Each structure stands twice: as C-alpha cells, then as structure tokens.
J.: 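First the structure, then my questions, so here it is.
This structure is a prediction, so every number in the text was calculated from the model and none was measured. The residues of the chain are indexed from 1 along the displayed sequence.
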Amino acid sequence: MEMDGAAPRGAGHRRAAGSAPRRRTQAERSAATQQKILDVTTDLILSKGLRDTSTVDVAEAAGVSRGALLHHYPSRQILMQEALRHLLNREIAEITVIAAAIRAGDMDVDGFLTEMWRRFSGPLFMVTIEFLTAARTDPAMRDALVPVATDYNHQLDEIWENLFPDAAHMRGTRRIALNTTLCLLRGMATQSIWRDDPKLFQEMLEFWKTSLGNMLPGPDEGTPR
C-alpha cells in the first residue's frame, strides 16, 4: 500500500502518458535529419578536409543510411554546396545578433574586432578555407558561395555603419577600413595555420584597433580624431 500521501503508481503513469511530448511531423523529422547531416558534413570537412570527406563518411557519422542521405542530397556536390550555405547562413544569423548588440550600445569597436578575431581564428574559418579553395576551380561551388557570401558582407556593412554612424562624410575611408580589417583578419587566420603565436596575433589586433581609432570617429564623436 502507498503511504504518506503518495499517489498510486497507476495514476502517476497516467499523468506521465498524458504529458507526453507531441510527435513530430514528417516535415519536422526530415528537417532535423537534414540539419544533422549538414552539421556532420562541416565537422568532417574540418577534421578531414573537403576532398577527403565522402558521402559514405557523412552517412556513417550522421547515423543514416546512404540511401537516406541521397534522398536529401542526391550527389556529393549538392551536399557540399548545401553544407556551405548552411555554414554561412548560420554565421549570418550570429552576425545579426552582434549587429543588434551594437545598435543597443552593448558592443563597441574593440568588442566587435575581438569577436571577429575569435571567429576568424576558430574552426569556422578553417572550414571556409576548404570551400574557398574548391570554389577557385569549381564553378558550381563558386555559384553556391557568391550569394551567401554577398549576404554575409552586407551584414558586416550594416554593422560597420552602426559602429560609425557619424562618419558619413568619410564613407570612402570607412569602406576601405572595413575591407582592410577583413583582409587583416583573414591573413592572420591563414598564417595561424603554420604559425602558433597567439601573442603576436593579439598585438597585431591591438595595433589595428588603435589605428582604426585614429582613423575613424567613435560612435559618439562627430569628427575624426
């Protein structure tokens, strides 16, 4: 007999059954499978490289049959193109959050550059390098890269506008400053592949922060320093 006010076991089971989560629809299950496949694909590209990542590898790591994989992505090329879109669209979503923080006054130029270096010095950029190398000689990969890369750059342009809202009279300089910043970060990230010197990279980043501060006005300044 149950004592101390404990509910009968059967009643507890009935409540648990009544609160069971809603079953996912076929469309939801399909979307979840695609998400897992694309996440696994980018992970394998990071660890093995684009050239050595096969559909067999992806299917095994994702825990799906090769037939199920081909149902969603009929060829390796389509899979890689969609993995690239998935990667950059995810980055765009995160960059959008950064833009909102800047508009709200929760992030300044120093914070933005520190965050961007964290991204460029992490796994995202290393995966991107694999795709950039492939896009150089693969027109289909390049066609998949251009639209999402363009959208990504538009997001960065918006961020830059919000960082320097009073520098309209320096539009040309501001544009060059953004592109120089991106080229610097890409160069540092590429060099980090063979040069393990985080102190040097941090010093370079701090040097560029100071240079930008001397070149462009801060968010609350109306004229260049």
J.: Evaluate side-chain contact (heavy atoms from CB on, under 4.5 Å) for Ser121 paired with Phe125, printing each intermediate quantity in order.
T.: CA-CA 7 Å; Ser121 60; Phe125 183 74; over 6 Å; no
J.: Looking at Phe131 and Met80, what are the two nearest heavy atoms and their distance?
T.: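 The pair with the smallest heavy-atom distance is CE2-O, 3.3 Å.
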J.: Does the side-chain contact (heavy atoms from CB on, under 4.5 Å) test come out yes or no for Val64 and Lys36, once each step is laid out?
T.: CA-CA 10 Å; Val64 300; Lys36 184 174 184 180; 5.9 Å; no
J.: Strictly distance-based, threshold 3.5 Å: is any side-chain N or O of Ser192 a donor or acceptor partner for the main-chain N or O of Ala189?
T.: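 Checking the backbone N and O of Ala189 against the side chain of Ser192, a donor-acceptor pair under 3.5 Å is found.
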J.: Spell out, as yes or no, whether a donor-acceptor pair under 3.5 Å connects the side chain of Glu82 to the backbone of Leu79.
T.: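 Here the side-chain-to-backbone pair does not exist.
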J.: Compute whether any side-chain donor of one residue and acceptor of the other, for Asp57 and Ser54, lie under 3.5 angstrom apart.
T.: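 Short answer, yes.
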J.: Report yes or no: does Asn89 contribute a side-chain atom to a donor-acceptor pair with the main-chain N or O of Arg85 at less than 3.5 Å?
T.: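 At least one qualifying donor-acceptor pair exists.
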J.: Is it the case that more than 12 heavy atoms not belonging to Glu60 sit under 6.0 Å from its CD atom?
T.: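 Open: at most 12 neighbouring heavy atoms sit under 6.0 Å from CD of Glu60.
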J.: Rounded to the nearest 0.5 Å, how far does CD1 of Ile102 lie from CH2 of Trp160?
T.: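 It comes to 9.0 Å.
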J.: Is the side chain of Glu130 donor-acceptor paired with the backbone N or O of Gly49 at a distance under 3.5 Å, no angle test?
T.: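 No, because the side chain of Glu130 does not come within donor-acceptor range (under 3.5 Å) of the backbone of Gly49.
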J.: Quick check against the 3.5 Å criterion: does Lys48 have a side-chain atom that pairs as donor or acceptor with the backbone of Thr53?
T.: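 No; zero donor-acceptor contacts below 3.5 Å.
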J.: So with a 6.0 Å cut-off around CG of Asp52, is the heavy-atom count from everything else above 12?
T.: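 More than 12 within 6.0 Å, yes.
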J.: Within the distance-only criterion (no hydrogens, no angle test), does the side chain of Arg76 pair as donor or acceptor with the backbone N or O of Thr55 below 3.5 angstrom?
T.: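 Here the side-chain-to-backbone pair does not exist.
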J.: Does one side chain, of Glu206 or Thr210, offer a donor that lies under 3.5 Å from an acceptor on the other?
T.: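 Note: Glu206 and Thr210 side chains miss the donor-acceptor criterion.
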